[in-house]
Q: 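Pasting a structure below so you can have a look.
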Amino acid sequence: MDKQDLVTKGFLDVEIDSKVDFVSEINKLKKEKNAIVLAHFYQTGDIQDVADFIGDSLALSQKAAETDADMIVFAGVHFMAETAKMLSPQKKVLLPDLLAGCSLADSCPASDFAEFVAKHPDHTVVTYINTTAAIKALTDITCTSSNAREIIENLPLETKIIFAPDRNLGNYISGVTGREMVLWDGACHVHQEFSLERILALKKEHPDSKILAHPECRKAVLLVSDFVGSTSAILNFSKKDDGKKYIVATESGILHQMTKDSPEKIFIPAPPEDSTCGCNDCNYMKLNTLKKLYVCMKYELPEIVMDEDLRKKALRPIQRMLDISAKLGL
Ligand code: 13P
Ligand code: SF4
């Protein structure tokens, strides 16, 4: 085992016998180590299938807070594993590839955001969970795409609000709640890239389809969508709706559960502007592989380690979000 790999590659690069059956070894390691594997809907299908729990960012943080496992293996991106560590500091939290970051979190550097907050001293700071711990430490209340509307509506009408970092989600929530908010100008490179023209061309080809979109998409895409919601909301809609065909404007990993839950329905990934880039796949989410998951569980590396003072500061807005969500039954 060469820990130096973690610095340069983000994961442990060890030789593995080609005959190793990753799925059965991962299942064995789960039992041996009392470990739970949490996976986001954007992970590859093989990782979702071996996970103990698959969910959106709200459900995953709720699960991380309540699990009695000794080890949380997070098949997702860094801010998600970091949130799990904040909620369960006594547990070992692992991320198969430390370089699994998030362009949306990167679009909000802490020093710039601190200046922005200082310019609006009488504002309540609401930030999306897709942020670093340093941003959460500057936040009054966290939200996810599943509860952003309710979190904003829960604030007294006279509250002045800063919403960060996603401008598309912020605009959308401002529209549905009628609340004015000062927005940070950030975006996710995957959701920002969906092409309105190409989505409309697909719709023309499949007039019987419905367009489902994540609120991180641009306003023009949301305006032509039949349903807008978080990954789990999109998934639930596709299960309950009586339609047969859907154009899905979010990261393509979600299609795995959609197809599993409704094998008789047709799901078409929404195309990005550039037809050659494959950028409806999140390159960060897709850094995790079954092999890295296995190696990470076997060697218990890479581990999320946090400064305790920062952890406590960053935990406050997450705990507030979880308390409100529990009160509202979300
Ligand atoms: P949800 O999991 O809240 O749907 O958000 C998706 C996302 O962007 C995760 O990176
Ligand atoms: Fe971040 Fe976008 Fe990837 Fe989600 S899809 S992890 S918001 S870069």
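The basis for the numbers below is simple: all heavy atoms, side chains too, and nothing from hydrogens, waters or symmetry mates. Whatever order the structure lists ligands and atoms in, that order sets their numbers, starting from 1. Please read these numbers as outputs of a predicted model, since none were measured by experiment.
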Q: If you take all heavy atoms of Thr250 and His191, which pair is closest and at what distance?
A: OG1-NE2, 2.7 Å

Q: Can you tell me which residue and heavy atom of the protein come closest to atom 1 (Fe) of ligand 2, and the distance to 0.1 Å?
A: Cys102 SG, 2.4 Å

Q: What protein heavy atom lies closest to atom 5 (O) of ligand 1? Include the residue and the distance to one decimal.
A: His214 NE2, 3.3 Å

Q: Short N/O distance, under 3.5 Å, between Glu216 and ligand 1?
A: yes

Q: Suppose I only count heavy atoms of Asn130 and a 4.0 Å limit; which atoms of ligand 2 are within that range?
A: 7 (S)

Q: Which protein non-hydrogen atom lies closest to atom 3 (Fe) of ligand 2, naming both residue and atom, and how far is it?
A: Cys282 SG, 2.4 Å

Q: Within a distance under 4.0 Å of any heavy atom of Tyr128, pick out the atoms of ligand 1 and give their elements.
A: 5 (O)

Q: Taking 4.0 Å as the limit for heavy-atom contacts, which would you say applies to Tyr42 with ligand 1: side chain only, backbone only, both, or neither?
A: side chain

Q: Taking the six-membered ring where the residue is Trp, are the ring centres of Tyr284 and His189 under 6.0 Å apart?
A: yes

Q: Taking all atoms of both residues into account, what is the closest heavy-atom pair of Met80 and Ser57, and its distance?
A: CE-CB, 4.2 Å

Q: Applying side chain to side chain contact (heavy atoms under 4.5 Å, CB included), run through His40 and Val77 and close with a yes or a no.
A: CA-CA 9 Å; His40 190 269; Val77 292; over 6 Å; no

Q: If you compare all heavy atoms of Cys217 against all heavy atoms of Ala249, which two are closest, and at what distance to 0.1 Å?
A: SG-O, 3.3 Å

Q: Heavy-atom contact check, 4.0 Å cutoff: does Tyr284 meet ligand 1?
A: no

Q: Identify, by atom number and element, the atoms of ligand 2 in contact range of Glu216, meaning under 4.0 Å from any of its heavy atoms.
A: 7 (S)

Q: Using every non-hydrogen atom in the two residues, find where Ala110 and Leu138 come nearest and quote the distance to one decimal.
A: O-CD1, 3.9 Å

Q: Where is the tightest heavy-atom contact between Asn280 and Ala270, given as atom of each residue plus distance?
A: ND2-O, 3.0 Å

Q: May I ask whether Glu251 places a heavy atom under 4.0 Å from ligand 1?
A: no

Q: Can you tell me if, anywhere in Cys188, an N/O/S atom lies at a distance from atom 2 (Fe) of ligand 2 that is smaller than 2.8 Å?
A: yes

Q: Under 30°, 30 to 60°, or over 60°: which ring-plane class applies to Tyr294 and Phe22, parallel, tilted or perpendicular?
A: tilted

Q: Select one of side chain, backbone, both or neither to describe which atoms of Ser103 lie under 4.0 Å from any atom of ligand 2, heavy atoms only.
A: both

Q: Below 4.0 Å, non-hydrogen atoms only: which portion of Asn130 touches ligand 1? Side chain, backbone, both or neither.
A: side chain

Q: With a cut-off of 2.8 Å, does any N, O or S atom of His189 fall short of it relative to atom 3 (Fe) of ligand 2?
A: no

Q: How close do Met258 and Ile234 get, heavy atom to heavy atom, and via which atoms?
A: CE-CG2, 3.1 Å

